[in-house]
Enquirer: 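Submitted below is the structure of interest, expressed as structure tokens.
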Amino acid sequence: MSDSLLSVRSLTARYGAAQILFGIDLDLRAGEVVALMGRNGAGKSTTLKAIMGLLDQRSGDITFRDADISHLRPYEIARLGLGFVPEDRRVFSDLTVLENLEVGRRPARKNADGRLVDPWTPERLFELFPNLAEARRRAAGRMSGGEQQMLTVARTLMGNPYAILLDEPSEGVAPVIVDAMADMILALRSSGVAILLSEQNLPFASLVAARAYILERGEIRYSGSIDELRGNEEIRRAYLEV
């Protein structure tokens, strides 16, 4: 198996006649958190959706765990162990927290050496998300936006993914939830889950990611370390600041 868990080459995507992505190249290694950054409308969410097979009009080469997923449907990609957490959460509002988690349950997966990975269970997730433990029998529709965001992440983890595409986790949630999200991402990294994080908040990305890509008008304008990005005022002003 190659060093890259997820490899994207020459990815393009369209919505109708409008081309949004222009030849995106990126890599995600096992156990790594990488931030995909840029202003609103830069193409971050489109990139994640295109990788996940949620856009019909896309082209390019996408490899996950050495398997070509460029032409697979979203459910086929998910079965291979790539999870997706959308920005708009999409919880089942009439189901309880526990019922939402059960919807996402998948069998335990194996590492490259054939050993079973410890599966995610509601009990294990409640240790990671204490707020969900307290609300385990509450209908998801009665939870705050931040709690629903946590539930969406937890439900994705019930699928025992090798990697997660995480779209704007800090957007529109309370600061205390943002802190909890950062802790959660660090805990997932420690457990071996790789994360490609769509984010425009550099301080938040700096807490969890070692590398970053910056998108501008559907093209990669920066690829390098978070530390280098934080120290480069010219790049920050050109591609991140409003």
Side-chain angles (χ1 to χ4, degrees), residues 1-87 109 111-112 156 159 161-168 185 188-189 192-200 205 208-229 232 235 238-240:
M1 185 174 292
S2 67
D3 290 340
S4 292
L5 183 68
L6 173 69
S7 177
V8 177
R9 294 291 179 268
S10 303
L11 179 63
T12 68
R14 294 177 175 272
Y15 291 112
Q19 185 167 349
I20 308 301
L21 302 180
F22 299 85
I24 300 298
D25 293 346
L26 60 82
D27 291 279
L28 177 69
R29 294 185 287 268
E32 183 181 39
V33 178
V34 173
L36 182 63
M37 308 196 69
R39 299 185 180 100
N40 282 335
K44 302 187 301 297
S45 294
T46 300
T47 299
L48 299 191
K49 290 176 182 177
I51 292 171
M52 200 64 199
L54 293 166
L55 298 181
D56 292 330
Q57 299 184 71
R58 63 169 183 165
S59 64
D61 298 316
I62 308 172
T63 303
F64 179 65
R65 302 190 77 242
D66 288 342
D68 182 1
I69 64 170
S70 307
H71 305 289
L72 298 185
R73 301 299 297 266
Y75 71 88
E76 294 173 318
I77 295 172
R79 285 176 178 173
L80 292 175
L82 182 58
F84 177 52
V85 181
E87 181 183 4
R109 301 185 187 275
N111 279 324
T156 302
Y162 297 106
I164 291 177
L165 309 178
L166 183 55
D167 197 4
E168 298 278 10
I185 291 171
L188 292 182
R189 185 183 68 183
V193 178
I195 298 174
L196 179 60
L197 168 74
S198 166
E199 186 58 61
Q200 50 183 319
V208 298
R211 292 194 301 118
Y213 296 94
I214 294 181
L215 275 174
E216 173 72 7
R217 297 182 180 179
E219 296 184 79
I220 298 290
R221 301 295 188 180
Y222 171 86
S223 173
S225 73
I226 282 283
D227 289 341
E228 180 184 346
L229 176 57
N232 194 321
I235 291 178
Y239 302 123
L240 293 180

Enquirer: Quick one: does Ile62's side chain get under 4.5 Å of Leu6's, heavy atoms only?
Expert: yes

Enquirer: Taking everything shown except Arg217 itself, do over 12 heavy atoms lie less than 6.0 Å from its CZ?
Expert: no

Enquirer: Sub-3.5 Å donor-acceptor pair from the side chain of Glu76 to the main-chain atoms of Ala78, do we have one?
Expert: no

Enquirer: Please report the shortest heavy-atom distance between Leu21 and Ala50, naming the atom on each side.
Expert: CD1-CB, 4.3 Å

Enquirer: State, yes or no, whether a side-chain contact exists between Leu80 and Leu72 at a heavy-atom distance under 4.5 Å.
Expert: yes

Enquirer: Find out whether Leu82 and Ile51 are in side-chain contact, i.e. whether some heavy atom of one side chain is under 4.5 Å from a heavy atom of the other.
Expert: yes

Enquirer: Testing the basics here: between Tyr213 and Ser223, what is the closest heavy-atom pair and its distance to 0.1 Å?
Expert: CE2-OG, 3.3 Å

Enquirer: Heavy atoms, side chains only, cut-off 4.5 Å: are Leu240 and Leu229 in contact?
Expert: yes

Enquirer: Taking the side chain as every heavy atom from C-beta outward, state whether Ile220 and Asp25 have any pair of such atoms under 4.5 Å apart.
Expert: no

Enquirer: Any side-chain heavy atom of Leu5 sitting closer than 4.5 Å to one from Phe64?
Expert: yes

Enquirer: Considering non-hydrogen atoms only, spot the tightest contact between Asp27 and Ser4 and give its length.
Expert: OD1-OG, 2.8 Å

Enquirer: Of the non-hydrogen atoms in Tyr15 and Gln57, which two are nearest, and what is the gap between them?
Expert: C-NE2, 4.1 Å

Enquirer: Before you tell me yes or no, could you show the steps for Met37 and Tyr239 under side chain to side chain contact (heavy atoms under 4.5 Å, CB included), namely the whole-Å CA-CA distance, both residues' side-chain angles and the distance that decides it to 0.1 Å?
Expert: CA-CA 9 Å; Met37 308 196 69; Tyr239 302 123; over 6 Å; no

Enquirer: How long is the straight-line distance from OH of Tyr162 back to CZ of Arg65, given to the nearest 0.5 Å?
Expert: 4.0 Å

Enquirer: Atom CD1 in Ile214, atom CD in Gln200: separation rounded to 0.5 Å?
Expert: 12.0 Å

Enquirer: When you measure from the side chain of Arg189 to the backbone of Val33, do you find a donor-acceptor pair of N or O atoms at a distance under 3.5 Å?
Expert: no

Enquirer: For Ser70 and Asp68, test the side chains for any donor-to-acceptor distance below 3.5 angstrom and give the result as yes or no.
Expert: yes

Enquirer: Could you tell me whether the side chain of Phe84 reaches within less than 4.5 Å of the side chain of Leu54, counting heavy atoms only?
Expert: yes

Enquirer: What is the distance from atom CG of Leu36 to atom CG of Leu166, rounded to the nearest 0.5 Å?
Expert: 11.5 Å

Enquirer: Return the minimal non-hydrogen interatomic distance between Leu48 and Ser198, and the atom names on each side.
Expert: CD1-CB, 3.7 Å

Enquirer: Is it the case that over 12 heavy atoms from other parts of the model lie below 6.0 angstrom from the CZ atom of Arg9?
Expert: yes

Enquirer: Here's a test for you: under side chain to side chain contact (heavy atoms under 4.5 Å, CB included), which of Leu11, Leu196, Val34 qualifies with Leu26?
Expert: Leu196

Enquirer: Do any N or O atoms from the side chain of Lys44 and from the backbone of Leu215 form a donor-acceptor pair under 3.5 angstrom?
Expert: no

Enquirer: Supply the atom-to-atom distance Lys49 NZ to Ile20 CD1, rounded to the nearest 0.5 angstrom.
Expert: 11.0 Å

Enquirer: Output the distance between atom CZ (Arg14) and atom CZ (Phe22), rounded to the nearest 0.5 Å.
Expert: 7.5 Å

Enquirer: Would you compute the distance between atom CG of Leu28 and atom OG of Ser7 and round it to the nearest 0.5 angstrom?
Expert: 10.0 Å

Enquirer: For Ser45 and Glu87, which heavy atoms make the closest approach, and how far apart are they?
Expert: OG-OE1, 4.1 Å

